[in-house]
Protein chains: 2
Amino acid sequence: MSNNGGERDPALVQSVDRAVAVLELLARNGEAGITEIAAELGVHKSSASRLVYTLQARDLVEQDGERGPFRIGIGMLRFAGAVTGQLDYVRVGGPVCSELADRLGETVNIAVLDSGVALNVSQARGSSAVAAQNWVGQRTPLHATSSGKVLLAAASEEDQERVLAGDLESCAPRTITDPVKLRYVLRRTAEDGFATCMEELEAGLHAVAVPVFGSHGDVVAAISAAGPAYRLSQKRMPEIVEELRLASRDLSVRMGHPV
Amino acid sequence: MSNNGGERDPALVQSVDRAVAVLELLARNGEAGITEIAAELGVHKSSASRLVYTLQARDLVEQDGERGPFRIGIGMLRFAGAVTGQLDYVRVGGPVCSELADRLGETVNIAVLDSGVALNVSQARGSSAVAAQNWVGQRTPLHATSSGKVLLAAASEEDQERVLAGDLESCAPRTITDPVKLRYVLRRTAEDGFATCMEELEAGLHAVAVPVFGSHGDVVAAISAAGPAYRLSQKRMPEIVEELRLASRDLSVRMGHPV
DNA sequence: CCCTCCGTTGCGTATTACGGAACATGGTGT
DNA sequence: ACACCATGTTCCGTAATACGCAACGGAGGG
């Protein structure tokens, strides 16, 4: 289902591309066996085995003992560190997320705009027992998330129109797929300074987001809180937005952007 | 210098192995051009170009504009998230690091043993203004760091001897390069329950570390504090070691290893 | 104890990636 | 202004390389 639609860029190095696909699969599933990987990529078991073996030799993939499912390995942290070296949201954002997550009891995320999607760069789980998945590194559509709306509302006219003209994929029953309605929502978002997302990405999931400002008053990121619909009710929003605003200001300051 | 010594495991997928080497180079250097990458890997420019292009298509590598040096891309965060999902030191360690860093005013790190080196998995900066670099994901030699000594002192006899017999590279003027002296230091470390590192990794940098214990009383990680030599004086050590021990116990408990 | 499921190993083939050289494209120095 | 250098990309022929196949070895499960 996630396979290459048919055309493959011939300039790509096939095995490298497949290896990355393996990593993506593992990142998505948490863990997987060779057979499962092979099936998912549409390659033979032996090919999958070789790819995994190579990644394992470089510590990018590891398995429990001698014989068990494979998962992303510790060696990956080396590269993660190299990213954070340039992207401060991760390093600075961590504590801010944690603090707010503790206070709200909900999952808090920081996302940035990256080539047409919202990319989550930092996350802290709320104290609640409700299983919250890990969104870090995940790309989420701009039109179906609270962070995405905030980022898009602050983007240039052209960028907005490009998204509006594109495919507004329906992720959940209440996803906004009508460009006209989305344009209205974006205007509201810019005015209000926050965006909500009520079961538009996943059924039963609510979220709110506010912008994070850079030194020139431009929006550089969004910080959001997400949780089950029954807990993030409409009437609790003002309180949460206020908390998010405080965290956003804190984040701006910590990043060296005095307000 | 970092090339394959000569023999290459024929079971490895060559292009994948090279692609990972590219990523490692970028993680190490921060950034690099195609020519430099090709030279370092010992491959032709065109090969390097293809590899980078493939990685770029998957967002694992990015460049400033259209024409600039390459660096590790944001897409790498996806995998980093997957690691933290299973490796609890990162998630659980974050708050512990932060708290201790605040209290000490110094940089605090958590490191684990990973294939012959100390791998930093979590870090929190102290409040001090002194610029502290980001060590997360960095591999540091076991013989030239406080964390490394702690981890090595708890390792098996064979592992210790392997390091002692290996190349004790000199990182700074006071790095311990004498196997005999290092063996003595390791014994002292095991007895004392902590290790120091006085300008052995970098001139002007001091550090102290204590072990973190797992459920079976085994050493699973090390937690360390690092800072400029003039601030981490010898006579301040006992106080810091005590703080580190508290944090270590806290960490053990949070990871579900009651003492 | 057999059967099934999973992962690895050899092997032959042709797909695939590699290296060479020519080609673009800026940046630089005279 | 021009030539020159350095960097990265494209094209192409070759053979090295990774792939798929099938058989093998090991663990669990019935």
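All values derive from a computational prediction rather than experimental measurement. Below, read A as the first sequence line, B as the second, and so on, with proteins coming before strands; counting in each chain starts at 1. Note that these values count all heavy atoms, side chains included, but never hydrogens, waters or copies made by symmetry.
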Participant: Between R50(B) and Y53(A), which has a closest nucleotide on DNA chain C that is more 5'?
Facilitator: Y53(A)
Participant: What does the B/S/- profile of nucleotides 21-30 of chain D look like, 5' to 3', with a 4.0 Å heavy-atom cutoff to protein?
Facilitator: B-----S---
Participant: Do L26(A) and F79(B) have side-chain heavy atoms sitting under 4.5 Å apart?
Facilitator: no
Participant: Checking contacts here: which listed nucleotide (dG8(D), dC18(C), dG20(D)) is nearest the side-chain heavy atoms of Q14(B)?
Facilitator: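 Comparing dG8(D), dC18(C), dG20(D) against the side chain of Q14(B), the answer is dC18(C).
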Participant: In whole Å, what is the span from the CG atom of L41(B) to the P atom of dG8(D)?
Facilitator: 13 Å
Participant: Out of dA17(C), dC6(C), dG20(D), which has the shortest distance to the side chain of T35(A)?
Facilitator: dC6(C)
Participant: Distance check needed: dT17(D) C1' versus R18(A) CZ, whole Å only.
Facilitator: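 Rounding to the nearest Å, CZ of R18(A) and C1' of dT17(D) are 13 Å apart.
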Participant: Closest approach to the side chain of F70(A), judged atom by atom: which nucleotide of dG8(D), dT8(C), dA17(C) is it?
Facilitator: dT8(C)
Participant: Could you state the CG-P distance from L55(B) to dA17(C), rounded to the nearest angstrom?
Facilitator: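 The answer, rounded to whole Å, is 13 Å.
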Participant: Strictly by modelled atom types, are T177(B) and S170(B) linked by a side-chain donor-acceptor pair under 3.5 Å?
Facilitator: no
Participant: Please report the closest heavy-atom contact between G68(B) and Q63(B), naming both atoms and the distance.
Facilitator: O-OE1, 3.1 Å
Participant: Distance check needed: dC18(C) P versus L12(A) CG, whole Å only.
Facilitator: 13 Å
Participant: Over all heavy atoms of both residues, which pair between V220(B) and F213(B) is shortest? Give the atoms and the distance, please.
Facilitator: CG2-C, 4.0 Å
